[in-house]
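Contents: one structure, followed by commentary.
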Amino acid sequence: MAYINENYLKLPGSYLFAEIAHRVSAYKKENPSADIIRLGIGDVTLPLPQVSIAAMQKAVEEMAHKETFRGYGPEQGYPFLIEAIRKHNYTDRGINIADDEIFISDGSKSDCGNIQEIFSDNNTVAITDPVYPVYLDTNVMAGRTGSLMEDGHFEGVVYLASNAENNFSPALPTKHVDMIYLCCPNNPTGTTLSKAELKKWVDYARENDSIILFDAAYAAYISEPDVPRSIYEIEGALDVAVEFRSFSKTAGFTGTRCGYTVIPKSVTAKAKDGSRHPLNALWNRRHCTKFNGTAYIIQRGAAAIYTDEGQAQVKENISYYMENARIIREGLKAAGLTAFGGINAPYIWLKTPSGLKSWDFFDKLLYRGNIVGTPGVGFGPCGEGYFRLTAFGDRESTERAVERITKLTF
Ligand SMILES: *Cc1c(COP(=O)(O)O)cnc(C)c1O
């Protein structure tokens, strides 16, 4: 008899996007001519930078000839990409990262999900609420939590409430935690931690022998100087933090797939006998055992963004989205709504008016404005009373949506 991993049974169905689709299609059935605008898109919509296309076309051609064909590459990634990342995102910015501390992957979702495998099942996990679901769900699957409770939280997880009251800068946990997931700039709230606020977490990790798992998928969207682009800008982080980065939102690679994880060799954690072990070696072992590298063609496409031309093209796409973000943010303010984020991230997190629940606001926006967004409660219980709009739409429909919202009363 083969038994299943029963931890999977603790997970509720992925209800959020299915429920949104269900409500939208029910509305459309009654109102077939409605012009629905989607501001809930969590995916980029602009095409890949031209430099990436050209680099990938060239790489495809190399694959066509015996002399230049490539089979398996290094599991950790090709040196041309690792060096470009190391130089551009770290050493040129005064952060001391070595090439063998960078692991190329097929994207950050896998890395954020897989990293927990190198940690003990007995660790206590801290997660912000609301949150990108991958951190929590993968720890549930691994058995690092109890069951889902009435209040929407999992037993045994330390939740760090993140809301307008604490300016989206959660308080340190009152009980000891071993693994801390932070996402900055944040999905879904679009907010960030300042360097001083992040330093508080690094200090906590150092004092409590914890590890910070830092998701910086939106680093390229940061516009303000005091927001850390990398956790390693914070003094002491090189001993306690793992960083996840992705080409998905940076360069439109959501369907192309490339990301990377940085694990400085100075980051260590304990075995039961008290001996200390670098996480870099454990991750390297895992990566080489379970992963055979990201496609050469894709890595060429990713490396191309680090040329001057590539940087200019990436910036242009990000500026387009961030102009949408500005239009939404200012439009909501003009409409008398309270909104957060949208300055260092392509997400706007609005406080629902008149104390409406997230799903009630969803229905009002759909029925009265024909606009689809994402109910905040779908990202965790603390998201109740909030609503996420995204800047990934096109300019014209973003403007039209904002115009409609301005005319609504709630
Ligand atoms: C989009 C996103 C990622 C990137 O995932 P990929 O697998 O690289 O596409 C990672 N973290 C967060 C919070 C995201 O929103």
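Side-chain atoms are counted along with the backbone in the values below, which use heavy atoms only and exclude waters and symmetry mates. Ligands are counted one by one from 1 in listed order, and the atoms in each one are counted from 1 as well. Predicted model only: the values in this text are computed from it and were never measured. For the single chain, residues carry numbers from 1 onward in sequence order.
- Between F387 and F362, the ring planes lie tilted relative to each other; the angle falls in the 30° to 60° range.
- Side chains of R144 and M179 form a contact here, defined as non-hydrogen atoms less than 4.5 Å apart.
- Of the possible polar contacts, none joining the R245 side chain to the E243 backbone as a donor-acceptor pair under 3.5 Å is found.
- Using a 4.0 angstrom heavy-atom cutoff, D215 counts as in contact with ligand 1.
- Remark: R70 qualifies as a cation-pi partner of Y78 under the 6.0 Å distance and 45° angle criteria applied to the six-membered ring.
- The parts of S108 lying near ligand 1 are both backbone and side chain, judged by heavy-atom distances below 4.0 Å.
- Among the candidates Y347, F379, W349, the single residue satisfying the ring pair (Phe, Tyr, Trp, His ring centres under 6.0 Å) test with Y386 is W349.
- Counting only heavy atoms from C-beta outward, the side chains of Y221 and I343 never approach each other to under 4.5 Å.
- On a distance-only criterion, Y135 and ligand 1 share no N/O pair closer than 3.5 Å.
- Under a 4.0 Å heavy-atom criterion, Y218 is in contact with ligand 1.
- Considering backbone and side-chain atoms alike, S110 places every N or O at 3.5 Å or more from each N or O of ligand 1.
- For ligand 1, the polar-atom distance check finds no N/O of T254 at less than 3.5 Å from any of the ligand's N/O atoms.
- Summary of contacts: the protein heavy atom closest to atom 9 (O) of ligand 1 is S248 OG, 2.5 Å.
- Contact annotation: the side chain of V314 approaches that of T250 to within less than 4.5 Å [non-hydrogen atoms, C-beta and beyond].
- Looking from atom 14 (C) of ligand 1 to the surrounding protein, the closest heavy atom is K249 NZ, 3.3 Å.
- Of the protein's non-hydrogen atoms, R257 NH2, 2.6 Å is the one closest to atom 7 (O) of ligand 1.
- In terms of N/O distances under 3.5 Å, ligand 1 is not approached by D106.
- Within ligand 1, the atoms closer than 4.0 Å to a non-hydrogen atom of C183 are 13 (C), numbered from 1 in the order shown.
- Judged by distance alone, with hydrogens and angles left aside, the side-chain atoms of Y306 form no donor-acceptor pair with the main-chain N or O of E83 at under 3.5 Å.
- Numbered from 1 in the order shown, with element, the atoms of ligand 1 that lie under 4.0 Å from a heavy atom of G107 read 7 (O), 8 (O).
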